[in-house]
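Only this structure's heavy atoms are used, side chains among them; waters, hydrogens and symmetry mates stay out. For this chain, numbers begin at 1 and follow the sequence in order.
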Amino acid sequence: MKPHTMMFMEEHVAEDVGTVKDIRKRLAKVLQSIIEEMTSCYNQVEVDFTEGDKTTIYRVVVPVEVRGKLIGAQGKNITSLRNIIGAMSGNHGFRAIIELVI
């Protein structure tokens with residue numbers, strides 16, 4: 001391989017890493033917006049994340065009085081939310097796990 005070709009590949013990989021970080025941040029914002037709308041707890045929802053190579057763990061903190069609304073009957077709301085965020089992240093090549101912090 002020619003040296004200039006290798007430099008191009010290294011630059012391309014560096015751009016991808018930045019893009020994946022941006023995607024993870026955007027998904028955290030999307031998750032926070034959805035949860036705020038579901039629970040009507042604006043400015044009381046916190047979403048942070050820990051990223052690994054292929055998995056991102058989103059930690060969600062909501063007030064105690066609205067946890068039931070977020071979880072839903074038989075866990076349907078949180079399951080649906082996990083499926084949607086999981087599909088979005090899978091489209092970009094990584095897994096997403098949503099944890100409710102108690």
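When side chains are defined from C-beta on, V30 does not count as touching I84, because their heavy atoms never get closer than 4.5 Å. Counting only heavy atoms from C-beta outward, the side chains of L31 and L27 never approach each other to under 4.5 Å. Inter-residue side-chain proximity for V60 and I35 is flagged as met; some heavy-atom pair is nearer than 4.5 Å. At least one side-chain heavy atom of I23 sits less than 4.5 Å from a side-chain heavy atom of R26. Side chains of N77 and T79 form no contact here, defined as non-hydrogen atoms less than 4.5 Å apart.
Sorted by first then second residue, the salt bridge (charged side-chain N to carboxylate O under 4.0 Å, His left out) pairs that include residues 55-67, not counting sequence neighbours, are R59-E99. The stretch residues 61-102 participates, sequence neighbours left out, in no ring-ring contact (aromatic ring centres under 6.0 Å, His included) pair at all. Residues in residues 68-81 take part in no salt bridge (charged side-chain N to carboxylate O under 4.0 Å, His left out) pair, two or more places apart or across chains. For residues 47-72, the pairs satisfying ring-ring contact (aromatic ring centres under 6.0 Å, His included) are F49-Y58, with sequence neighbours left out.
Every residue two or more places apart in sequence or in another chain was checked for a salt bridge (Lys or Arg N to Asp or Glu O under 4.0 Å) with E36, and none qualifies. The salt bridge (Lys or Arg N to Asp or Glu O under 4.0 Å) test applied to E51 returns R24, not counting sequence neighbours. A search for side-chain contact (heavy atoms from CB on, under 4.5 Å) contacts involving V66 returns T39, C41, V62, P63, not counting sequence neighbours. Taking the side-chain contact (heavy atoms from CB on, under 4.5 Å) definition, one finds that I71 meets it with I78, L100, sequence neighbours left out.
Using a 4.5 Å cut-off between side-chain heavy atoms of Ile, Leu, Val, Met, Phe, Trp and Tyr, V61 falls into a hydrophobic cluster with V101. Listed by chain and number, the hydrophobic cluster partners of Y42 come to none, as no ILVMFWY side chain reaches under 4.5 Å of it.
Looking only at distances, no side-chain donor or acceptor of R82 sits under 3.5 Å from a matching main-chain atom of I97. Put simply, the side chain of S89 gets close to the backbone of G86: a donor and an acceptor are under 3.5 Å apart.
Closest of all the heavy-atom pairs between A96 and I85 is CB-CG2, 3.8 Å.
I34 contributes atom CD1, which lies 14.5 Å from atom NZ of K29 (distance to the nearest 0.5 angstrom).
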